Amino acid sequence: HLTSKFMSLAAQYNPEEIEDKWYQYWLDRNYFHSEPDPQKEPYTIVIPPPNVTGVLHMGHMLNNTLQDVLIRKARMEGKEACWVPGTDHASIATEAKVVAMLKEKGINKRDIGREAFLKYAWEWREKYGGIILEQLKKLGASCDWARTRFTMEPHMSESVTKVFVDLYNKGHIYRGYRMINWDPQGRTGIADDEVNHKEVNSKLYFVNYAVEGEDSFVTIATTRPETILGDTAVCVHPGDERYHHLKGKRVIVPLVNRTVPVIEDEYVSMEFGTGCLKVTPAHDVNDYELGKKHDLEIIEVIADDGTMSEAAQFFVGEDRFVVRKKMAQQLEALGQLVKTEDYKNSVGFSERTDAVIEPKLSVQWFVRMKELVQPALAHVMDDTIQLHPSKFKNMYRSWMENVRDWNISRQLWWGQRIPAYYLPDDTFVVAETPEEALRLAQEKSGNSSLTAADLRQDEDVLDTWFSSGLWPITVFDGIRHPGNPDINYYYPTNDLVTAPEILFFWVARMIMYGYEYRQEKPFSNVYLTGIVRDKQGRKMSKSLGNSPNPLELIRKYGADGVRTGMLFSSPAGNDLLFDIKLCEQGRNFANKIWNALRLVKSWQVDKTVDGETNQAAIGWFAARFNQAMIELEDHFSKFRISDALLTVYKLLWDDFCSWYLEMVKPAYGKGIDAMTYEATLKFFEKAMKVLHPFMPFITEEIWHLLRERQEDDCLIVAAWPTADTSTDRMEADATVLSSGVTVFDAITQLRNIRNSRQISQKQALKLWIKTGTPQKYHQFGSIIRKMANIEAVDFTEEKVEGAVSFIVNAAQGQPDEFFVPLGDTIDVEEEIQKLEKELAYQQGFRQSVDKKLSNTRFVENAPEAVIAMERKKKADAEAKIAAIQEQLAALRKK
RNA sequence: GGGUUCUUAGCUCAGUUGGUUUAGAGCACCUGCCUUACAAGCAGGGGGUCGUAGGUUCGAAUCCUACAGGACCCACCA
């Protein structure tokens, strides 16, 4: 009979075909697409564009679920919701992948040249570049796919070039000779954040340098003897008395026999090594600074590929690490190596090639940041742009206040090529197009016969962040066409969801560009997610193999299950310790709702049934729902998405399923009255609305199963329920809910009596209530009967002898006493023990309140309301104590 | 080394300007249930002296100081 009753709905929810069906339906009906509509308020999110080489990992899952929740809610609120998707060309990451791919084919990047390499790179991008976006669809991401962008598509590149030229013309971009992190294997400069520092076992070499014109030595300590060949000074601390005699003297660099000055600088630590430092300005950041300060000569002894250069004079063309050993041998042979010590130090490695980074002087392009960054600092500090959680404000500020010039050139091929063109005389012009460059070059040189062939474009490409920082503007083509309808309508965007580790690289730069090119913030809120870790707290990584395959998870638990699983425990800024059990919980939740649907759909409306007794339940749930809405909106307004989900979860599971449905559920074989049925459908629909942003698929499915609907009546675009926050409503809700609490407390205690005495669920009990206000049970009496399986509720003015009794907390007035006659089944000793425990608690509580109230300073200083509250607490406790004592006395008589 | 931040139940976290809290939630746990929506379930229950030590206050998880431990950011390690 079950099958007929519960139609064709399976007892267990199966997400697989349902999810694909609805995603396609939404796509077909174009619900994700947005066009500017002046009648509607825009709500915009731009996706943090994943690397074009990327495949979906757990971090993306969390990040994009959050964005989808926000965008779906906005869409239902009637806003013109636009979520712009896309991918980032990610120059160094992609280039590394393509290089690796070619290497497998036995092809070397340098052998085939720039053009051929880029052809491979584009092919690679065509083939794999869309994968990650396809994967997002499985998650339910409601992106406006028609607006999908790629940071290197023509108009985006054009915009980037335009910005470069503009910043250059405004004097914000310059070429500079700077020390950078050089990757000798990839033969490129890399950013500080692409350098991994690792502790390594190395050696500290103590080397004697002869003092010029004297028969004495000074000993220095170094971990890199190969750089001795490039030394141009020796430095001591000005306060170091051991070396005062060296003041103004010169020393002789071993092997090369160059005489170099002894300089003094407080930078040198007297404690380290011998307190005497050799200075190689060309191959160490600090030495370079010293060199600048003391006007030292710079000798580059290590070439781009990590071998010794001509300037080194010795070991030319040999690798720096080979030379390190050979130098030590040579010095030893010369008798200038005093000793070596084992030593641990941290060495920088290239994130991509794992080669040891060589600090190297190089001509690079830089953006002057100090001035550009000012509005970006100010408007985060004054909350024009809010960071969630706000603790990141401090981090942001310290970075922005100490911002250094930004090296934007990379010695790579895959990326936005720098639009600088060199003339034959090595001067250069900066221009948006080669034609413009030629014109400028002719003008500059005064040589009108100059041709395009005479110009040589800069070989370098721009740092990826230079272009991705423009993302919120360029996706709407706001650089080339600053007045176009899209940018005017959608910009500034609303919320940005991203990871804290790119707060500076990306977020700060978007803000900077936003004020520079739109005179306006790029977004109002930045929600910073945490890192997804495994349950032991380890970062998920390929090498550890501790990262689940997201698509596999979706297949197994449903996108809805995985989405909620991820959101259950991930407050903003906190790492998510991912456990598969979270997905199970999400899946179970979906199943719970599914079964609520099966229950409601099984009901038959019977016009002869009177729904009067359900009025209380309906009124109670309506009040409960409204309060949950208020809570929900509060959570959303503060970006507490996990809490928002939990509010909906509890509303549905506890309030709707465990209480409401059980209260109105007709007895087996009975019909339900039309009023209750309709009210229940309405509640269910409303609940599906607030759940939809979190679980889009199952809610849409249920939406269509609850009632017959028009084709365009989809939940994804249904109106978001509003919370009624009027004073009248709040007061009314409070009254309804507090009487509800009383009744639920009574039911729980009755169930407890049953449970603790092993009385079967099926055995109906009798109940007597001693109360001064029996009318308050008129509404809820039948509910108590139903929920606790009570056969009859009667009122009494006297105690009922031989019954188990308990006190029900009264919302107002005296507490009521409930009696359940159980005959022989009462264990008097046990009852006494229970009551004594309760008594002790109440007495302790009263005592703590008493202590406050008898403290004259409390009574004098505390606000009226607080004192009144304490007095009420005391009165309530005393009433309960009295009642318990009476019960105890009665029991002890036995 | 400099800075920021955190430490509340077994786990993950709430706890808004100090006072409706001898502290709440979800999960986990324990007990009993195949009760006619759901065992991916139902009902009930136990569990924390709020990192430690002081201080301010009538009153501290909440404010201050020190200490211990963790996290993150920045810089550096000749």
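Chain A is the first sequence line, chain B the second, and so forth, proteins listed ahead of strands; every chain is numbered from 1. What you are looking at is a predicted structure, and each value in this text was computed from that prediction instead of being measured.
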**Student:** Please determine if a side-chain N or O atom of A/R404 lies less than 4.0 Å away from the OP1 or OP2 oxygen of B/A75.
**Tutor:** yes
**Student:** Sequence neighbours excluded, which residues qualify as side chain to side chain donor-acceptor pair (under 3.5 Å) partners of A/K873?
**Tutor:** A/E870
**Student:** Does the distance from a Lys or Arg side-chain N to an Asp or Glu carboxylate O, for A/K665 and A/E662, drop under 4.0 Å?
**Tutor:** yes
**Student:** Provide, to the nearest angstrom, the distance between the CZ atom belonging to A/R533 and the P atom belonging to B/C72.
**Tutor:** 6 Å
**Student:** Between B/C77, B/A23, B/G32, which one does the side chain of A/Y343 approach most closely?
**Tutor:** B/C77
**Student:** Would you kindly give the CG-to-C1' distance between A/D575 and B/C72, to the nearest whole Å?
**Tutor:** 9 Å
**Student:** Given B/G26, B/C58, B/G45, identify the nucleotide with an atom nearest to the side chain of A/N855.
**Tutor:** B/C58
**Student:** Choosing from B/G44, B/G26, B/U12, which nucleotide comes nearest the side chain of A/Y649?
**Tutor:** B/G26
**Student:** In whole Å, I'd like the distance from the CD1 atom of A/I759 to the P atom of B/A43.
**Tutor:** 18 Å
**Student:** A/L503 has an atom CG; how far is it from atom C1' of B/C74, in whole Å?
**Tutor:** 13 Å
**Student:** Could you list the residues that satisfy side chain to side chain donor-acceptor pair (under 3.5 Å) with A/S570, not counting sequence neighbours?
**Tutor:** none
**Student:** Need one value for A/G273: base, sugar-phosphate or nothing, where a base atom within 4.0 Å counts as base even if backbone is also close, heavy atoms only.
**Tutor:** nothing
**Student:** What is the distance from NZ of A/K874 to P of B/U20, rounded to the nearest Å?
**Tutor:** 18 Å
**Student:** Please tabulate, one pair per line, all N/O donor-acceptor pairs under 3.5 Å involving side-chain atoms of residues 389-396 of chain A, not counting sequence neighbours.
**Tutor:**
residue	atom	partner	partner atom	Å
A/K393	NZ	A/M381	O	3.4
A/K393	NZ	A/D383	OD1	3.0
A/Y396	OH	A/A376	O	2.9

**Student:** Over all strands shown, is A/K650 touching base, sugar-phosphate only, or nothing at heavy-atom distances under 4.0 angstrom?
**Tutor:** sugar-phosphate
**Student:** Checking A/D850 now: which residues fulfil side chain to side chain donor-acceptor pair (under 3.5 Å) with it, not counting sequence neighbours?
**Tutor:** A/K874
**Student:** Who passes side chain to side chain donor-acceptor pair (under 3.5 Å) against A/R624, sequence neighbours left out?
**Tutor:** A/D655
**Student:** Would you classify A/N861 as touching base, sugar-phosphate or nothing, given that sugar-phosphate means primed atoms plus P, OP1 and OP2, and contacts are heavy atoms under 4.0 Å?
**Tutor:** base
**Student:** Given atom CZ of A/R598 and atom C1' of B/A40, what is their separation to the nearest angstrom?
**Tutor:** 13 Å
**Student:** Between B/U20, B/U35, B/A40, which nucleotide gets closest to the side-chain atoms of A/Q12?
**Tutor:** B/A40
**Student:** Side chain of A/Y841 only, please: which of B/C27, B/C42, B/U22 is the nearest?
**Tutor:** B/U22
**Student:** Below 4.0 angstrom from OP1 or OP2 of B/C42, is there any side-chain N or O of A/K592?
**Tutor:** yes
**Student:** Please report the interatomic distance NZ(A/K786) to CD1(A/I783), rounded to the nearest 0.5 Å.
**Tutor:** 8.5 Å
**Student:** Round to a whole Å and report the spacing from NZ of A/K391 to C1' of B/U5.
**Tutor:** 6 Å
**Student:** CH2 of A/W594 versus C1' of B/A39: gap in Å, rounded?
**Tutor:** 19 Å
**Student:** In dot-bracket notation, what is the pairing pattern of RNA chain B, taking Watson-Crick (N1-N3 plus N6-O4 or O6-N4) and G-U wobble (N1-O2 and O6-N3) contacts under 3.5 Å, with [ ] crossing and | for other strands?
**Tutor:** (((((((..((((.....[....)))).(((((.......))))).....(((((..]....))))))))))))....
